[in-house]
Amino acid sequence: MASLIITNGRKTGNFYPLGQGTNVVGRDEGVLIQIVNEFVSRKHMQVRYDQEADLYHVQDMKSRHGTFVNGNRIYEEVAVSEGDLIDIGGVTLMFTRKDFEDREGALAFSRESGQRPRATMEAHS
């Protein structure tokens, strides 16, 4: 299983396991991954698992402030890889293929990784 880890702000170290379906991320109470921040849209982005390709994809959901992968604003679905950084509304989430038992494990992993953005990304329709 994969996870998203918050790497900045007061929620640093919080992590969200990703299943093998589609996860909506936003500030709305009804989404699977809720990020409470005034610059995060109610339904900001989605993370989708493609079982056939064994890849996770991120897509902006027409958010007001955009979704950025490794510093690049995305306009279409983008495949993410280990250590990629996803920014939404000033909150940075690190994508990893790892799963964690607790917040401390996720926080330690994000610190060990160095949070270095990757220069490459693939766009998929």
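All figures in this text were calculated on a predicted structure; none of them were measured in a lab.
Remark: Met1 CE to Thr96 OG1 distance equals 12.5 Å, nearest 0.5 Å. Here the straight-line distance linking atom CG of Asp87 with atom CZ of Arg73 works out to 12.0 Å at 0.5 Å rounding. The CG atom of Asn8 sits 13.0 Å away from atom NZ of Lys11, with the distance rounded to the nearest 0.5 Å. Rounding to the nearest 0.5 angstrom, the gap separating the CD1 atom in Ile33 from the CG atom in Leu93 is 8.0 Å.
Contact between Leu4 and Leu18 at its shortest, heavy atoms only, is CG-CD1, 4.0 Å.
Under the 4.5 Å side-chain contact rule for hydrophobic residues, Tyr16 and Phe95 share a cluster. Following chains of ILVMFWY side-chain contacts shorter than 4.5 Å, one cannot reach Val91 starting from Val31, and the two form parts of different hydrophobic clusters.
Side-chain polar atoms of Thr22 and Gln46 form no donor-acceptor pair below 3.5 angstrom.
Relative orientation of the His65 and Phe39 rings is perpendicular, given thresholds of 30° and 60° on the angle between their planes.
Checking each of Val40, Asp28, Asn14 against Ile35 for a side chain to side chain contact (heavy atoms under 4.5 Å, CB included) leaves exactly one that passes, namely Val40. Screening Gln20, Gln59, Glu77 against Arg48 for a side-chain hydrogen bond (donor to acceptor under 3.5 Å, both in side chains) leaves a single residue, Glu77.
Within 6.0 Å of CZ on Arg27 lie more than 12 heavy atoms contributed by other residues, nucleotides or ligands.
For Tyr49, the side-chain hydrogen bond (donor to acceptor under 3.5 Å, both in side chains) partners are Asp54, not counting sequence neighbours. Residues that satisfy the side-chain hydrogen bond (donor to acceptor under 3.5 Å, both in side chains) test with Asp60, not counting sequence neighbours, are Ser63, Thr67.
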